[in-house]
Structures are given as C-alpha cells and as structure tokens.
Participant: 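Right, I'll just put the structure down here and ask away after.
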Amino acid sequence: MTDNNQEEFKKELGLLDGTMLVVGSMIGSGIFIVSADIARQVGSTGWLILIWLISGIITMIAAVSYAELSAMFPNAGGQYVYLKEAYNKLIAFLYGWSFFAVIQTGTIAAVGVAFSKFAAYIIPAVSDENILYEMGSFKLNVAQIVSIVTIVFLTYLNTRGVKNSKILQTILTIIKIVSISGLIIFGFTLAAKSSIWNANWTDAWTPHSFNTENGSWMPIGTTALISGISAAMVGTLFSSDSWTGVTFIAGEIKNPKRNVGLSMFLGTLIVTIIYVLTNLMYVAVIPLNEIAGAKSDRVAVVACDYIFGDIGTLIIALMIMISTFACNNGLIMAGARVYYTMATDGLFFKKAAVLNHSSVPAWALWAQCIWASVLCLTGKYGDLLDFVIIIVLIFYILTIYGIIRLRKKMPDAVRPYKAIGYPFLPIFYIIIASAVCISLLFTKFSTCGWGVFIMLLGIPIYYSIKEKTSK
C-alpha cells in the first residue's frame, strides 16, 4: 500500500480534540506519585518545584520546535516521518522499533496497571494481591487481567473509528482537568489555615537526602544534588511525555499545518501549569518528610486525606482511574499510526498499512494491544519504563537537531510555521536533554544501558528487513 492511502484517513479532529489528546495523553498517574521520589532525591521544597518547572519549560520548547516539522510534514506518523526526512530510513526505523518494542506499548501497559491498582481502592477484589494462577516465578493476578481488559476495550473502541474515541478523549480529559483543578483549589483553601506551607519553605533551597528508615534528613553536596536532579527528572520527564501523540494522527487533523503545532503548544502549556500548581498544593498541605515517605509514593492520596479526610482515598482513586483511562485512550489512538506509516515504507508488517471500513489502522491497533498485554503479564513493564526514558530523550534530541539539518537540507521548503527562538531554543533543549542523558548513563547505567541496547538491537533487524524486501 502506498502513501496515497493516507488520503483515506478521515479528518475529523479539530484544535480542541488535538489539544485534549495532548493533555489527556500527558496526564496519567505520574503527577500523583513521582513527587515522592523527587522529594527523596533532592530533599528540598524549592528544588522539587524547580525540577517540575524546568521539565515543563523544556517540554514546551520541544513542542514549539516540533511545530515547524508538523507544519512541513502534516501526515500520519509524526516523529517517525520527521526522522526519515531529516536523516534516513534507518534512524526512523530505530525510532519506530523502540516505539513498538518498549516506548508506547510499555507505557500503555504501565498506565493500564496504574488504573487497576487504584481501582483496587474501590473494589479490593481487583488487587494485584489476588493471585489467580502461579507457576514458578510467574504470577497471574486480577490487576493484570483488569489492565488487559481496559487495553482491549479501548483498542476495540478505536477500531470503530476516530470519532468515538475523540469524544471519549475530550470528555474524560475535561473531567480530568476539572477534578485536578478542584483538588488544587481545595488544597490551597485548606493551606490558608495551615502552617505547613511556611514550614516547607523554610530553608527551601538546601538539598538533603532522605533516610526512609527513620524519616530524617541529611544535607548533601553539589555532586549528590546533580545526581539527584538527574534521577528525579526521569519521573518528571515521563510525566511530561506523550505530547507528540497528536503528530502521529496528523492525517486525521483538520488544517494540520496549523492545528498540530498549536495543539502541542496549548497542551504542554496547560499540563505544565497543572503540574506546577499541583506540586505547590502538595507542599501547601503535606509536610515534606511525608511527601518523601508517602506509602507506595502515593502523594496525592496523602494530600486527599489531609484535604477531605477518610473519603479522600476514594476521591483520588476515582480521579486517577479517569486520568489513566483517558491517558491510555490517547496513547492507543496515536501509537498505531506510527506502525501504519512504517508499514507503508515496508518496515513493518504489511497488514499494519491497511485501513478498515472506519478508516483506521485496525490491524496495527490490535498488534499494539497484544504486545502491551504481554508486557502487562510479564510484570516487567516497570523495569522497561525505567530505562526507556533515555531512548525517548535520544530521539527527541535527534528530531529537534533534525530541524537544523532540514534548514540546510531543504532551505527552500515551504515552512508555514518556524520554530520559535530558532536556533537558540532548539539548541538549548538539545544541551539540557543531552546533559540529562549523559548523567543518566553514569548514574543509572544498569537500566539506561539496557534501553540503549534495545534501541541498537533494531539495527540488525532493519538490515534483515531491508534484505528481504529487496529480493
């Protein structure tokens, strides 16, 4: 099937739909839990907020830079297409391979498990402690089944056409934004009567390490702080990821040259504001040592207990279930379009390039569903996410550097939108993201090294596929 088949996609998504896809895909479960790890890593209120702010700013810089590429190549496939145009098919394939093997499917699996984990607060029977089958080290629990059921349901919904999934995405994302905003407002209302805010901002910029055994703090030096910031940014960057999803479905966006880039900017701006305000609310109602020592890192549960009392756990469980459900709908919708575009280039299963009667790549959706479900069953998705962040950052760096390459490679190409602050902001992002990658390789080589290995494993796979298709 040729690239002309992209004309079969129905352009049914407007600016609001695109923005809600960005917001809905970005806000999953991370904002409700990762602040605990950040607090343990840096041990200060000021650094906790600054890390979230820095992550938000560099994400927005990346988004406004991507807007130039989305306007130049307003087709399905997004980042895969940009890498192919800026470099070659090998680099694009390495991205697509990593995307299918770990990035998108691993994230879908983890978000699905987060949904079931918080569903257990309301229905204890769906807990991961409810083991259904055990053989050696393998354990099948109810939470895994629930995760797979949600992934299968959302995949089925997406095979029925983009219209139904876009309506669900927009409604759930609006509910998500309203509920988080309500939590922030109630939190600050409570904080007005509390001294916790002032206590947390006393000596706010002195970094500490947290002793989980006795809950005490110990000041740390500059080297330990840099290491802590790098480790902490894994969580914030993951929580701020998936904003590129709208570029994958550009073939279904109305006026994509304008709306794809604008959706990324508005979406990342909204999420950055929500994330910073949510963390300001945390430090307004929870002592810093309780943020660092939150059970299972569920900071939002602790916050809701302070704000709403005993019913707080139920409230936050419902919020996170809605949040993760909407997040996975956006991830599932966007991901299959990358495999579709790879297949049209002869770099993925041919059936992934076929659109069904609803004008969506149903086979690609089900392939993604099956692998994500397998990752749910292995129980290794958490490990995958630990080392996938470095792959994500490497391809973000390559894509944004691709803007500079394309300015030289295609100087006369029509650019309906040009990257803001070019070349300074793109270069700034490349420097910051590269520094994080290098730091991660030094501080978390055991996990990040595996991430790089999975990516490089795509090289022999690519040449194997290329050799078969050339015969």
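All values below come from the heavy atoms of this structure, side chains included, with hydrogens, waters and symmetry mates left out.
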Participant: Report yes or no: do Ser147 and Ser116 form a side-chain donor-acceptor pair below 3.5 Å?
Facilitator: yes
Participant: When you measure from the side chain of Ser165 to the backbone N and O of Val162, does any donor-acceptor pair fall under 3.5 Å?
Facilitator: yes
Participant: Are side-chain N/O atoms of Asp241 and Tyr396 paired as donor and acceptor at under 3.5 Å?
Facilitator: yes
Participant: Which heavy atom of Ser263 sits nearest a heavy atom of Thr19, and at what distance?
Facilitator: OG-N, 3.5 Å
Participant: Walk me through whether Thr236 and Ile38 qualify under side chain to side chain contact (heavy atoms under 4.5 Å, CB included).
Facilitator: CA-CA 9 Å; Thr236 56; Ile38 298 171; 3.3 Å; yes
Participant: Please examine the side chains of Ile58 and Phe428, heavy atoms only from C-beta on, and report whether any two atoms are closer than 4.5 Å.
Facilitator: yes
Participant: Going from OG1 on Thr399 to OH on Tyr429, what distance comes out if it is rounded to the nearest 0.5 angstrom?
Facilitator: 9.0 Å
Participant: Can you name the nearest heavy-atom pair linking Pro207 to Trp47, along with the distance?
Facilitator: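 Looks like CD-NE1, 4.3 Å.
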Participant: Under the criterion ring-ring contact (aromatic ring centres under 6.0 Å, His included), I'd like the reasoning laid out for Tyr306 against Phe186: C-alpha separation, chi angles, the key distance, then a yes or no.
Facilitator: CA-CA 10 Å; Tyr306 269 100; Phe186 278 110; over 10 Å; no
Participant: Assess the residue pair Arg40 and Asp297 against the criterion (side chain to side chain contact (heavy atoms under 4.5 Å, CB included)); give the C-alpha distance rounded to whole Å, side-chain angles, the decisive distance to 0.1 Å, and a yes or no.
Facilitator: CA-CA 10 Å; Arg40 288 193 296 270; Asp297 289 353; 2.9 Å; yes
Participant: Just checking, is any N or O donor in the side chain of Asn158 or Asn164 under 3.5 Å from an acceptor N or O on the other one?
Facilitator: no
Participant: Verify, without hydrogens or angle tests, whether Ser44 (side chain) and Ala204 (backbone) share a donor-acceptor contact under 3.5 angstrom.
Facilitator: yes
Participant: Using ring centroids (six-membered ring only for Trp), state whether Tyr462 and Trp97 fall under 6.0 Å.
Facilitator: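 They do not qualify: ring centres at least 6.0 Å apart.
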Participant: Minimum heavy-atom separation for Val302 to Ala294, with atom names?
Facilitator: CG2-CB, 4.0 Å
Participant: Rounded to the nearest 0.5 Å, how far apart are CD1 of Ile27 and OG1 of Thr324?
Facilitator: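 If we round to the nearest 0.5 Å, Ile27:CD1 and Thr324:OG1 are 12.0 Å apart.
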Participant: If we count only N and O atoms by modelled type, under 3.5 Å, do the side chains of Gln79 and Tyr66 hold a donor and an acceptor together?
Facilitator: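 Distance-only check passes for Gln79 and Tyr66.
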Participant: Just checking, any donor-acceptor pair under 3.5 angstrom between side chains of Asp305 and Thr313?
Facilitator: yes
Participant: Can you find a pair of side-chain heavy atoms, one from Trp205 and one from Thr45, that are under 4.5 Å apart?
Facilitator: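 SC-SC contact between Trp205 and Thr45 ruled out.
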Participant: If you look at every heavy atom in Gly330 and Leu21, which pair is closest and at what distance?
Facilitator: CA-CD1, 3.4 Å
Participant: Find out whether the Lys NZ or Arg CZ of Arg298 is both under 6.0 angstrom from the six-membered ring centre of Tyr121 and within 45° of the ring's axis.
Facilitator: no
Participant: Tell me whether Glu252 is salt-bridged to Arg337, with the criterion being a basic N under 4.0 Å from an acidic carboxylate O.
Facilitator: yes
Participant: Is the shortest distance from a Lys or Arg side-chain nitrogen in Asp17 or Lys163 to a carboxylate oxygen in the other one below 4.0 Å?
Facilitator: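 Salt bridge: no.
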Participant: In Å and rounded to the nearest 0.5 Å, what is the CD1 to CD1 distance from Ile229 to Ile51?
Facilitator: 5.0 Å
Participant: Assign the ring pair Phe210 / Trp217 to parallel, tilted or perpendicular, where the plane angle (0 to 90°) is split at 30° and 60°.
Facilitator: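 The rings of Phe210 and Trp217 sit tilted, inter-plane angle from 30° to 60°.
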Participant: Phe118 and Phe325: aromatic ring centres closer than 6.0 Å?
Facilitator: no
Participant: To the nearest 0.5 Å, what is the distance between CD1 on Ile431 and CD1 on Ile397?
Facilitator: 10.5 Å
Participant: Would you say Ser240's side chain and Leu237's backbone share a donor-acceptor pair under 3.5 angstrom?
Facilitator: no
Participant: So, Tyr80 versus Tyr95, ring centres under 6.0 angstrom or not?
Facilitator: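 They do not qualify: ring centres at least 6.0 Å apart.
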Participant: Is there a donor in the side chain of Ser439 and an acceptor in the side chain of Ser230, or the other way round, less than 3.5 Å apart?
Facilitator: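 Indeed, the side chains of Ser439 and Ser230 share at least one donor-acceptor pair under 3.5 Å.
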Participant: Working to the nearest 0.5 Å, report the span between CG of Leu377 and CD1 of Ile148.
Facilitator: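 Going from CG on Leu377 over to CD1 on Ile148, the span is 4.0 Å.
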Participant: Does Glu68 use its side chain to pair, donor to acceptor, with the backbone of Ser65 at less than 3.5 Å?
Facilitator: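 Not confirmed, Glu68 side chain does not pair with Ser65 backbone.
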Participant: Cut-off 3.5 Å, side chains only: do Ser35 and Trp52 have a donor facing an acceptor?
Facilitator: yes
Participant: Is the ring centre of Phe348 less than 6.0 Å from the ring centre of Tyr340?
Facilitator: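 They do not qualify: ring centres at least 6.0 Å apart.
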Participant: Supply the atom-to-atom distance Asn279 CG to Ile286 CD1, rounded to the nearest 0.5 angstrom.
Facilitator: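 The CG atom of Asn279 sits 9.5 Å away from the CD1 atom of Ile286.
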Participant: Of all heavy-atom pairs between Gly28 and Ser323, which one has the smallest distance, and what is that distance?
Facilitator: O-OG, 2.7 Å
Participant: Would you mind reporting whether Leu183 and Met319 have side-chain heavy atoms less than 4.5 Å apart?
Facilitator: yes
Participant: Stepwise, does the side chain to side chain contact (heavy atoms under 4.5 Å, CB included) test hold for Phe93 with Ile461?
Facilitator: CA-CA 9 Å; Phe93 175 80; Ile461 294 173; 3.7 Å; yes
